[in-house]
Amino acid sequence: ACGGNEETNGAEANEEETEQESTENTDEGTETEEASSEPVEVDFWHAMSGPHEEAIKEFVEQFNSEHENITVTPVNQGSYDDLEQKIMAAAKAKSLPTLAQAVTNVVPEYIGNDFVSPLNDFIEDEEIGLSDEELADYVDVFKESSSWDGTYYSLPFSKSTRILFYNTGLLEEHNLEVPETWADIRNIAETVTGDGVVGMGFENSYEAEFQAILKQLGGTYIDEATSEAQFASEEGIKAMTMMKDMIDEGIARTAGEDDYMSNPFGRGDVAMYIGSSAGIPHVGSAAEGNIEWSATTFPTLDGEAATSFAGNDIVMFNQAEEAEQKAAWEFMKFLTSPEVTAEWSMKSGYLPVRYSAQETSEYQAFVEENPEYEAGPQQFDAGFFIARVQGGDAVRNIVLEETELILLGEKSVEEGLQSAQDRANEALQK
Amino acid sequence: MDVYLDNLTMEFEDITAVNRLSTTIKDGELVSLLGPSGCGKSTTLMLLAGLYKPTSGDIYFGEKNVTKLDAEKREIGMVFQNYALYPHLSVLKNIMFPLRMQKVPKKEAKERAIEMANLVQIGHLVDRKPGQLSGGQQQRVAIARALVKKPKLLLLDEPLSNLDARLRLEMREEIRRIQQEVGITAIFVTHDQEEALSISDRVMLMKGGLLQQDSAPQEMYRKPINSFTAAFLGNPPINFLQIKKTEKPRTFELMNSSQIVKIPVNHEKERIQLGLRPENLYVTNKEDAFITGEVIHLETIGRDTLIRVQIGEVTIRALIDPSIDINVGDQCHLGINQEYIHYFDVENGANLERGNSNDGQADMEQYA
Amino acid sequence: MDVYLDNLTMEFEDITAVNRLSTTIKDGELVSLLGPSGCGKSTTLMLLAGLYKPTSGDIYFGEKNVTKLDAEKREIGMVFQNYALYPHLSVLKNIMFPLRMQKVPKKEAKERAIEMANLVQIGHLVDRKPGQLSGGQQQRVAIARALVKKPKLLLLDEPLSNLDARLRLEMREEIRRIQQEVGITAIFVTHDQEEALSISDRVMLMKGGLLQQDSAPQEMYRKPINSFTAAFLGNPPINFLQIKKTEKPRTFELMNSSQIVKIPVNHEKERIQLGLRPENLYVTNKEDAFITGEVIHLETIGRDTLIRVQIGEVTIRALIDPSIDINVGDQCHLGINQEYIHYFDVENGANLERGNSNDGQADMEQYA
Amino acid sequence: MMDKPTWNNTLRALLYLLPALIILITFNIYPIIKSFLMSLYTDYDFYNDVVYKYGLSNFIQIFKDPNFLKAVINTTVFVIGVVPISIVLSLAIAILLNSKIKALSFFRTIYFLPFVTSVVAVAIVWSWIFHSDYGLLNYFLGLFGIDPIQWLTDPAYSMPALIILSIWKGLGFNIIIFLAGLQNINKQYYLAAQVDGASGWHRFLSVTLPLLSPTMFFISIISIINAFKVFDEIFALFNGRPGPANSTLTVVYYVYQKFYEEWEFGLASAAAFVLFIIVFLFTLIQLSLGKKFVHYQ
Amino acid sequence: MVKSALSRTTIYILLSLGAVLMLLPFVWMISTSLKAPNEVMAMPPVWVPAEWKFENFTEAMRVAPFDRYFINSVIVTIVSTIGELITTILAAYAFSRIQFYGRDIVFAVLLGTMMVPSEVLLIPNFVTLSNLGWIDTYSALIIPWTASVFAIFLLRQYFLGIPKELSFAAKVDGCSEFKFLWYVMAPLAKPALITVALLKVINSWNAFLWPIIVTNSQELRTLPVGLSAFTTEAGIKYELLMAASSMVILPMLILFFIMQKYIVAGVARTGLKG
Ligand SMILES: Nc1ncnc2c1ncn2[C@@H]1O[C@H](COP(=O)(O)OP(=O)(O)OP(=O)(O)O)[C@@H](O)[C@H]1O
Ligand SMILES: Nc1ncnc2c1ncn2[C@@H]1O[C@H](COP(=O)(O)OP(=O)(O)OP(=O)(O)O)[C@@H](O)[C@H]1O
Ligand SMILES: [Mg+2]
Ligand SMILES: [Mg+2]
C-alpha cells in the first residue's frame, strides 16, 4: 500500500536545506522540510500518561520545531486497552491516525486485517531510509520483534523486559549472594522462607516466566511459522513443574490478591520476584521506607540465559496519505534515534532501543545512579519475544486459565498444559 | 349554548352506566341531575365534559357535534365529585389555572382568582396547598376553579356536599347568581332534593343509567311519571298501597286488608298501586276517610307530627297538624284530596294517568 | 368506653385547628360534631384516631391515657372525609382489611365483609376496585370498612355526604342500629342538622377550633349558648334584632327603626341582641304583635310559607301557616311566644339567660 | 381503561416519542441490529464490511465452547445471588431513609457514596476487605472462629466475593429509586391502615408493597438486566481477569474477551445475542407477571 | 415512648453500621489522596497518613488541564441531562398515558436495547458518529446520551402512579396535553425527575471510555479522562489518582447532598377525594 514513496516531491528536498535551523540534528536524513512543500499533519495516538506523556510532548515539540512543515500531534487515548479499542473503531470508520503506539501482541492482528504499512520502503530508501549501521544499532531482539519475514511493520518504542527484583537487606541478613541461576533462586528461597516471608514471587501473569524457562530448556512456545503451540512438550512440563513445585513447597507465591508483586515485595513479604522492568518505579514507591532492594538479570538455567522482552512499538497506518506517511516516518526515526531513546529511557524507565544510546554519558550517569536499570539492557543478548501470531491474546487467556487450574491442583501439569495446547491450537488454526 | 344529548350510552366492562340518554338543555338553563347513588350522574357529566368517550350516541353543543371533541376544547367548567385539585399548586394557582390556560395575563388572572376565592370564602387560604385544607375548603377551591373562567357549560358534581347548611345556601345562591349573570348553561348533580327543587329550572331524574323523568321541579313532585320518581322525591317518602278491583266500579279493595277504597276514576287494571304522600294525608272523620288504621308511632319532626298508621299489613306515614290530639293506639281516619292520589301500574310502575310509557324513557324522546 | 378530651389543642403551622377542647363522650353515646367548614371537626377526629398527635392536651379512653398510643392500637373504626379506600384492593378486600388485621380467619372475615357490603347495598360490587365505583358507592365501602370490625370507638367524618336522601336515611339508621346494638361510642361529623339532631344523643358545635356548645340536640336548638350557636342551627336561620334600652323598664327600642318592643325580663344591658326563629313567629293582630313590618317577599317552601318582612332597615324571615292570606306589600304583625325569644350580648354574643360565659368554652369545663 | 388505541393516538404518541426514538434508533437499535447481523457472519472482513459467508457457525462454536457455558452458568448464579438480596436490602434501607429521623440527609448521602465514588477506589478497598491475610472480612469472620478465606484467589469464593461487592455497589442506586417511588404513595392510605389496626409491618405489606409495585417492577427488571450484564465489577475486583480459574467469567466478560482481546467479532456478537435472548425472555416473563401484580394507583 | 425510642435507636444503629461500610472506600480515597506513595499499598492499610501530603493535590492538578476538562464536563453534563430530561418526559408520557398501536411492542423493543452489552455497540456507534462527521465535537459527547431507555422506563412507572383524575381536571380547565405534561405531570413527578437527573449527571460526569473514544483533542475532553493520566502500564499512582478523583467527585457529592432532599421532600398528594 505504500509503493511509490520515492516519487514524492518531499523526498529529495529533504537533504537540501540542512542549514535552515536544525542545529542539534545528528541523524543524517532527518533534516527539516523544504519551505515550499505542503505542510503535513501527523496524528500520533499513544497510551502514555502522566510524566511519560509530558516526555512525549517534549519530543514532539522538539521534532515539530525542527520540521517546519510537519506538525505531529500526540493524542493520549487512555490506557492500552482504550487505545486498542479506539484503533479498532477508527479502523472500521476509516479514520485511523498516521501513527500509533501498539502493543507488540496486537501488531499481528493489525497486519492480518491489513491496516499497517510495511516500513521496508522507508527503511531502504536511499535518502530518508536507515543506513546499515543505523539499522544494526537497533537492539536485535527489538528489531526481530518488529519484523515479519523480513518485513518491518513497526519500530520499537517503549520496551521492557523481565528482571529479578531482590531484597538486599534480607539477602545480606542471610549472607546470601545475588542469585544468578534458578538453582540460586531455589536456595535463597528455601533459606529465607518463613516468618511471614516467602522466598520467591511471580506476577499473576507469569506465563512470561514460563516461556523464558521453556526457552532456557530449549523448548518452543509457539512456532511462529506454523502458528502452532508446542509448549506441552517435555520441556514445558519441566518448566511448569519447576515453578509449581516452588509454589507448592511454599517457597514461592504469586501476586494473587495483591494484583502486582511490587506490593508484597515492597512490604517485605517476599524476598525476590520476577517482574517487568517497567515496574521499577512502582517497586520504588512501594518499598520506600520499608526495604532496601535492587534488581538483576533474569536467572539462568543450566547456563542458558533467556528472557522475554515485551512492550510497545510504533506503527504506521496505511490509511494515511503518502506525504503524511513520509512525515510520520521522519518522526518514527526521530523517536528511535539514540538521543531520544536514551532520554526516553531515563525519563520513563523503558529500555533504550539502540545500542548506542547506552553509550551516551547521560545514560551512563543515569545507570550509575539507578543500578536497577542496568539489569534490562544487560540481557539484550539473551532476549527473545513472545511469538507474534494472530490469536496470541486468545492463547494467553487460555494459558493463564489452565495454569491457574494447575496451581489450584485441579489439573496435573501434564493435563493442564496439554489441554492448554490443544485449545490454543484450536484458537490459532482458525 | 344549547346542549343536546342524543341516545348517549356509556358502557363499562360489565355495566351500562348511562343508557340511551336523550335530552336537551337549553341555553342558560340550570338543570339538576338527581338519582340514587350509582345511577350514572357522574358518568353523564364526564361524557358531557368529554372526559369519557361515549360507547354510542352523540353530544351537540348548539349545532356542533362535539362527541369527538377533546375536553380541553369544550370550554367547560367542572367541579369534580372528588375535587381533583392540583396537589402541587397553591390554592391561588389552582384557581388561576384555567385562566392561565386561556392565556389571561397573569395579573388579571390573579385578580380574578382572588376575587373568586373571596366569593367562596377562602380568600385567607390562597397560599396554602390543597393538602392543608379541610374538606369543605377544598370543595370550595374546586368551585372557584370551575367558576372563575365563566365557562359556557358548567358541570357541578355534588359541589356542596361537604359544606355546612349556611355556606351551602350561600354558595348555591352565588352559583345561581353567576350562572344567570353570565348566562351559563349548567348541570348540577345533587342529593339534596330541596336544593334541586329550589335552584333548578329543570330536574332530570335518573335510575340505573336510564333517564326517568325530565321536567320542572314542581311538576316532578306533583306528577311523577312512575312510582320510582314518586318514591324518590319527598321526605318522608310517599306511601304505596296496592288495591284490587272489586265488582263495583271505582271501588277497590285494599290488598292485605279488607278495607274498601273508592277512587274517582275508573281504571281498567285489575290491580293498581296507589301513591299517597304523607303530607297530603290529613286526619278526618269516619265519613270523609279514605283509609283507616291504628296509630302505631308518633313523633314530632320539626314543626310537624309524623304518625305511622297500620292498615292491615302495611304501614303508612302521615304528616299531620301538631295541634290534633291523637295518641298511639288510637283509631285514625285519614283523608286525602282526590287530586293528590297517584295511580301506578303494579308491574312497571308507570303512572297510569300520564300515558303508558313504562320507564319514562319514551316520554323523553321529544327532546332528542 | 368513655372518651375524655382534656384541653386538646392542635396547631398547624399558622393556625390552631383545635383549641383547648375538653369534653367527655360517654360509653355508647353517639355524639354529633357540627360546625362550619374548616372549624376543626376532621382534625378533632384525626386526633381521636391517633393519626395526628396533639400539640398539647390529652385523650383518655376510659381510664387510660392514649394520647401517645398509636392509631393501630386504639381499636377504632373511621370513615374518612375522603374515604381513603385502598386503591389496589377490591371492595371486598377493603372491607375485610380491618378484620384481617385483627387476625379474624379468612372465611369468617369474608362472610362478615359480605354481610356488611349487603347492608350498605354494595353487595353486587364486591369484586370491583374502588376506582370503578361511583362516589356514593365508594363512600359506602368506607362505611362498611369502618363498621365491620365493630370497633370500640367509631369516628365518622361526613359519612353520608354523597348519598341520596333515601339511602342516607337508611344508612343513618343502620349506623345507629349497629352502634346501639354493639354499644359503640361514636362521633359523627355532619353538615346536615336534621341528621345531627335526629340521630345523636348529644351535639357538639365547634367554631374556629373552639367548642361552642355541647348539649342534647333539642337543648341546643332551644337554648343556644350564644348567638353563633343560635344562628348555626335552624333553617331558615334565626333573625337577629338589636334593641336599645329606653326609659321604661322592659321596654326597648328597635335599632334602626322606631318600633318599641316589650320583653318580659329586665336586662341590665344598654343594648341587647334578640334572636327570633322564623318558625316561632306567627301572624297575629295588631294588639298581640311583637313587631310589625311590611311583607316584601313571599315564597312557598314545601308545606310552609316563608315571608320576609322589612322592619326599619332590617329584614326578618318568618315561616307562617300557608292558609293565611297575606300578600307582598301587606302590613304584617308578627307575634312570638315570650319563651321563644333569645337574648344575646351584643358584644360577645353570649346568651344573657345562660350565665355569662363568653364563648361557651367555660361552660364546658364541667366535662373536663 | 376504556381508552382504545386509535390511529390518531398512535400519531400523537409518535410525536412524543420522536426525539427519544431518533436518538435510540441511531445509537442503540441500529448498532444492535448490526451486531446481531454480525453474529451470522462466518467469513467476513470486519473492517471493510465485506461478508463472504453467512451461517450459524458462530453460535455452534460458542455453544461448543465450555467457557461460554461456564459464563452462562456463572452469570445465572450471579443474577440469582445479587438481585433478590440487593432489592430486599435496598428497600429496607430506603424505607429507613424515608422516615423522619435526624441526620437523614447525611445518611442518604453516605448510602449513595458507593455509586459516586471512583471505581478504582472501590476496587482497591474491596480487594483489601477481601484480602486473605489483612482483610477486614476475614478479620470479622475470625472473631467467630472462622478460618481465613481466600476470597479472591479461591475459585469457590470468588463468586461470593463478587456478589458481595456488586450488592454493595448497587445499593445506592436502588435506594434512590425506591426513595422516589415511596414518594408516589399517598399518605392517606397509611392513615387508613393505621385506623384499621395495621401495625407497621402490616402497613408495609398491605400498603407500601402493593403501592410500590410499579417501582418494584422497575427495579427488578433493571436489576436483572444489569446483573446479567455485569462486567466492570469483575474487571476491577480481579484486576482485568475473570477471577481465578475463570470462576467469575460472565457472558459479558466473555464477549469482551472475544471482541477486544481476541478480535473474534462474530463470536462476540453471537454471545451477546444469546445473552440478549436470555435476558429478553426473563424480561418478558416479568412483564407478563407485572400485568398481574403491579398496581398503578 | 420507650418502645419507639428503642426502635429509633435500632434504626440508628443499623443505619450507622451500613453507613460505615458505605463510607469505607470514600474515606480510603480521601486518606490515600494525602498519603506518601509507600503508604498507599501498605498492608494492613494505613488509614491516617503519617504525614499529610497536600501536595498530592497540587501535583495531580498539574498532570492534565483539569480546568479545561472541568468546563467540558460541566457543559456535557448539563446539556445531556437537559436533553435527556426532555426526551424522557415526552416518551414516558406517551408510554404511560397514550394508548397507541404497538405500544407494548415498542416498549419491549426499547427495553431490549438495555440488554445488549454496551461493549458491542461501541464500534458501530463510532462509525456512525464518524459518518456524521461528529468525531471530536461536543455533539458526539452529548447527543448519543440525550435519550435513555432506563430513564423513560423509570419515569413511565412514576407517571402511571399519578391519578388520571388530575388529567381530567386539567382538560376541563382547557389545558392541552402538552401543557398538562409540563404543568401537572412533571411537577408531580419531581422526585422521579430529580432521580433521573441525578443518575444522569453522575453517569455523564463519570463517563470515561466514551469521551476518550469520540474525541481526540484535549479541548474536548472531560474530567475522568484526566484521571487516566495516573495509570501506567505497570501500575497506578494511587495517591495522585485519589487526589484527582476526590476533586472530581466532590461536585457530585455536593450536588447529591443538595438534591436528595427534593427526592424525599416529596410532593403533596392530597387534593383528591377517594
Ligand atoms: N395539614 C394542614 N396544614 C395546615 N392547616 C390545616 C391542615 N389541615 C387542616 N388545616 C386547617 O385547619 C382547620 C381545620 O381543618 P379541619 O379539616 O379540621 O376542618 P373541618 O371542620 O373538618 O372542615 P370541613 O367541614 O370543611 O371538612 C382548617 O382551617 C384547615 O384549613
Ligand atoms: N371506571 C368504572 N368502571 C366500571 N364501572 C364504573 C366505573 N365508573 C363508574 N362505574 C359504575 O357506573 C355506574 C354509574 O357511576 P356514576 O359514577 O356515574 O354514578 P353516580 O350517579 O355519580 O353515583 P354517586 O351519586 O354515587 O356518585 C355505577 O354503578 C358505577 O359503579
Ligand atoms: Mg357521582
Ligand atoms: Mg372535615
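In what follows, chains are A, B, ... by sequence order, proteins preceding strands, each numbered from 1. Any value given below was found using the heavy atoms of this structure, including those in side chains, with hydrogens, waters and symmetry copies removed. The model shown is predicted, which means the values in this text are computed figures rather than measured ones.
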J.: Mind ranking Gly77(B), Ala71(B), Gly50(B) by heavy-atom pairs under 4.5 Å with chain E and telling me who comes out on top?
T.: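 Most heavy-atom pairs under 4.5 Å with chain E: Ala71(B).
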
J.: Charged N to carboxylate O below 4.0 Å: is that the case for Arg176(B) and Asp201(B)?
T.: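 Between Asp201(B) and Arg176(B) there is a salt bridge, with a charged N closer than 4.0 Å to a carboxylate O.
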
J.: Do you know which of Thr24(B), Leu21(B), Thr67(B), Val18(B) makes side chain to side chain contact (heavy atoms under 4.5 Å, CB included) with Leu5(B)?
T.: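 Among the candidates, only Leu21(B) passes.
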
J.: Are side-chain N/O atoms of Glu11(B) and Thr55(B) paired as donor and acceptor at under 3.5 Å?
T.: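 Per modelled atom types, Glu11(B) and Thr55(B) side chains form no pair under 3.5 Å.
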
J.: Determine whether more than 12 heavy atoms belonging to other residues, nucleotides or ligands lie under 6.0 Å from atom NZ of Lys110(B).
T.: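 Counting neighbours around NZ of Lys110(B), 12 or fewer heavy atoms of other residues, nucleotides or ligands fall under 6.0 Å, so no.
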
J.: Taking the six-membered ring of Tyr83(B) as reference, does the cationic atom of Arg140(B) (NZ for Lys, CZ for Arg) lie under 6.0 Å from its centre and within 45° of its axis?
T.: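 That pair does not qualify as a cation-pi contact.
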
J.: What part of Lys93(B) gets within 4.5 angstrom of chain E, counting heavy atoms only: side chain, backbone, both, or neither?
T.: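 For Lys93(B), no heavy atom lies under 4.5 Å from chain E.
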
J.: Can Glu115(B) and Arg112(B) be said to form a salt bridge (Lys or Arg N to Asp or Glu O under 4.0 Å), step by step?
T.: CA-CA 5 Å; Glu115(B) 189 190 331; Arg112(B) 281 169 62 181; over 6 Å; no

J.: For the pair Phe95(E) and Phe100(E), name the ring-plane relationship: parallel under 30°, tilted 30 to 60°, perpendicular over 60°.
T.: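 Tilted.
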
J.: Taking non-hydrogen atoms and a cut-off under 4.5 angstrom, which of residues 155-169 of chain B neighbour chain E?
T.: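 The stretch touches chain E at Ser161(B), Asn162(B).
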
J.: Between chain E and each of Met78(B), Glu75(B), Gln102(B), Gln139(B), count heavy-atom pairs under 4.5 Å; write down the option with the most.
T.: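 That would be Met78(B).
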
J.: Given a strict heavy-atom distance threshold of 4.5 Å, which part of Tyr183(E) is in contact with chain B: side chain, backbone, both, or neither?
T.: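 Both parts, backbone and side chain.
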
J.: Does the cation-pi check pass for Arg156(E) over Phe107(E), that is, NZ or CZ under 6.0 Å from the six-membered ring centre and within 45° of its axis?
T.: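 The answer is yes, since Arg156(E) meets both limits relative to Phe107(E).
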
